[in-house]
Protein chains: 2
Amino acid sequence: MSSTDAAPTLDDVARLADVSTATVSRCLNTPDKLTKATRDRVLAAVKELGYTPNFAARSMAAKRTFTIGAIIPTMENAIFARGLQAFQEELDRRGYTLLVSSTAYKAEAEEKQIRNLVARGADGVLVIGHDRDPAIYDYLRQQRVPVLVTWSYDDAAPTPSIGFDNRAAMRTFAERVIGLGHRHIGMISSMSAQNDRARMRIAGVKDAMLAHRLDPATLDLIEVPYTFDDGENAFLQLMHRSPQTSIVLCGSDVLAVGAIRGARHMGLQVPADVSITGFDDIELAQVTHPELTTVHVPHHRMGKLAATELVAMIEEKREGVSQRLETTIVERGSVAAIKGAKR
Amino acid sequence: MSSTDAAPTLDDVARLADVSTATVSRCLNTPDKLTKATRDRVLAAVKELGYTPNFAARSMAAKRTFTIGAIIPTMENAIFARGLQAFQEELDRRGYTLLVSSTAYKAEAEEKQIRNLVARGADGVLVIGHDRDPAIYDYLRQQRVPVLVTWSYDDAAPTPSIGFDNRAAMRTFAERVIGLGHRHIGMISSMSAQNDRARMRIAGVKDAMLAHRLDPATLDLIEVPYTFDDGENAFLQLMHRSPQTSIVLCGSDVLAVGAIRGARHMGLQVPADVSITGFDDIELAQVTHPELTTVHVPHHRMGKLAATELVAMIEEKREGVSQRLETTIVERGSVAAIKGAKR
DNA sequence: ATTCAAAATGTAAACGCTTACAAATACGAT
DNA sequence: ATCGTATTTGTAAGCGTTTACATTTTGAAT
């Protein structure tokens, strides 16, 4: 209705409702501490003025923001979207707001983003993977901001994590495809520096090779950034220098989709001429042709559990407890057995 | 080094550097107003304490946050990712931080998100498309928060916009494909309620039909949400009820990719049996087979211009000026001409 | 040496909330 | 009616910055 000069404050509401500011504050935060009569009066005033509490003032006074920050490597593709969505939903349910920022996979960018989030008063922080400059962990500890790692599980790490064992997951998966008779193996990974997930997946493949008496040194590995184009280029390069490659394991579905396109552009049939696999099982894995055989990650569950745990860490002021989730293998159509394979 | 009990404040820094809090503040905000000697002393203290300014306190005192909020319909797919990335980069360059939140295409969720952003002190707000409850615009006006619309251009709208003419873009595109001889046209659109972009794209198709003496009433239109599955299901439904359909125009690349999968599952060849088109030209359009013929939107330019304009609105305290960007048609492989078409 | 304007620094009042504590009020038991 | 307790409301002190204004310092000009 009325259109005063500046944004209305608690004082304005208090004056209009003829109560103290404390009462207005209580009405907004702990409404059941008020008589219905006053509550209604205050609410009416709030509505009439179109009052919105000032977040900065509130969080300064309360020393709480009910905000949680998440730093993810990228928003450009959907890798983290589903998990984050679930994380956000659970947070919502518990009265927290999510602040997201992305680093474009630049380790240096992460520290800045984290400081920003903390400066903004994040009550807790969610990060992807364990690997990062120890200074970041020191800073977070000094600021007393709880951190939770996700997308990775490592019991031995000092930071609690809710995720899965990337190495074991990839190992199991690789063993399965090697069991199909593949001997000339290529791998396209994201850059492994400062990225334990990528590194562990590579290690997993090597574990599997070892288990099958293949020399891990023969793994034709190529590390690239994270786009479709990167995947395609890597694939072309790989097939060019190792034409006998029968399967290319990709560190992510995005890279795998790029690789499939590369195969098409080279005139190779997938999986008849070459098998290609992904990792993550994002929706994208089901729109390619052939659809992608990949490792399914429990995005939703992981996001939800992470939210639950992080909120508990904050509210109960306790250390986080790690939790290992299981991954599963999803066979679709991008892998074929080698003809004449023993098993 | 030291690890005091709570997060260090300006006061702590001031004490350590043996200056007043005002000096510390100036050192952080307008460093050239200080002697090099004091500046160095303060900076050293900042570093020693690991001081990070408290954002809430700062924005309360300065009544500025250098934060801009953006509300997008979804983060689940990459439709808005590229534009937002460019928006963010330009903002960064100008010293602003971006806060993003998404509504999952729920109109009701938008108001809440916007209030939240404003409460958090956003100096300006970016939204997608013009359509929304007028109450939202009223609120923003009352709070004196500049708003800029993007992904849509409408000279007549009261809110300034930096985008393209969805209707004209779709009309031109549809005319082109109709010119290829298609007479039985299907369309899969996002839900058009509270979504001028979707509505205008539909209108564009009808415009084109009219221009080609086709009855717009014969357009077989189906509206669904925004996922791959929605696109696939819509396609199946469409082809089931109108088997003679020769081309399906989709309101977005995501729906189109779903439709292509639907065609594959039905055993239909694209484009031999049926043509399918998209809209947006996100990277996804190039990983399907066939690659998608679509309307290219200048994501990057749009994001960058939006950032520039919104910051100008804030800093120069002036009305925004709208700007219309051009779209182009990208022909890839998902459209075929009807055999024996006149022209 | 003295003067004066300019530059550097300090003082202290906001900013809009929350909350400990104090005061007032309501209500049941006597 | 009176008292005591529980409930509701008010008072006012922070929370950590920025910034207008006041004060001090600096250094060039005399």
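Note on naming: letters A, B, ... go to the chains in the order of the sequence lines (proteins, then strands), and numbering restarts at 1 for each one.
When A/Leu10, A/Asn29, A/Thr65 are each tested for a side chain to side chain contact (heavy atoms under 4.5 Å, CB included) with A/Arg58, only one passes: A/Asn29.
One atom, CZ of A/Arg15, and another, P of C/dG16, lie 12 Å apart when rounded to the nearest Å. Atoms CZ (B/Arg64) and C1' (D/dT19) sit 15 Å apart, rounded to a whole Å. Rounded to a whole Å, the CZ atom of A/Phe55 is 14 Å from the C1' atom of C/dT18. Across the protein-nucleic acid pair, B/Asn54 atom CG and D/dT18 atom P stand 10 Å apart, rounded to whole Å. Between the C1' atom of D/dT8 and the CZ atom of A/Arg41 lies a distance of 12 Å, rounded to the nearest Å. When rounded to the nearest whole Å, the span between CZ of A/Arg58 and P of C/dT18 equals 5 Å. We find that CG of A/Leu10 is positioned 15 Å from C1' of D/dT11, with the value rounded to whole Å. In this structure, A/Lys36 places its NZ atom 13 Å from P of D/dT9, rounding to the nearest Å.
For the pair A/Lys63 and D/dG14, the criterion of a side-chain N or O lying under 4.0 Å from OP1 or OP2 is not met.
With respect to the salt-bridge test (charged N to carboxylate O, under 4.0 angstrom), the residues A/Arg318 and A/Glu309 qualify. The pair B/Arg132-B/Glu110 counts as a salt bridge, with a side-chain nitrogen and a carboxylate oxygen less than 4.0 angstrom apart.
You'll find that the side chain of A/Ala61 is closest to C/dC17, out of C/dC17, D/dT9, D/dT17. For A/Thr35, counting side-chain heavy atoms from C-beta on, the closest listed nucleotide (D/dT9, C/dG16, C/dT19) is D/dT9.
For A/His299 and A/Trp151, the distance between ring centers is under 6.0 angstrom.
Heavy-atom distances under 4.0 Å link DNA chain C to A/Ala22, A/Ser25, A/Arg26, A/Asn29 of residues 16-29 of chain A, given in residue order.
Contact annotation: the side chain of B/Ile68 approaches that of B/Phe87 to within less than 4.5 Å [non-hydrogen atoms, C-beta and beyond]. Contact annotation: the side chain of A/Leu148 approaches that of A/Ile162 to within less than 4.5 Å [non-hydrogen atoms, C-beta and beyond].
The cationic group of B/Arg64 lies under 6.0 Å from the six-membered ring centre of B/Phe66 and within 45° of the ring axis, placing it in a cation-pi geometry.
No engagement by B/Ser59 is indicated, since no non-hydrogen atom pair under 4.0 Å with the nucleic acid exists.
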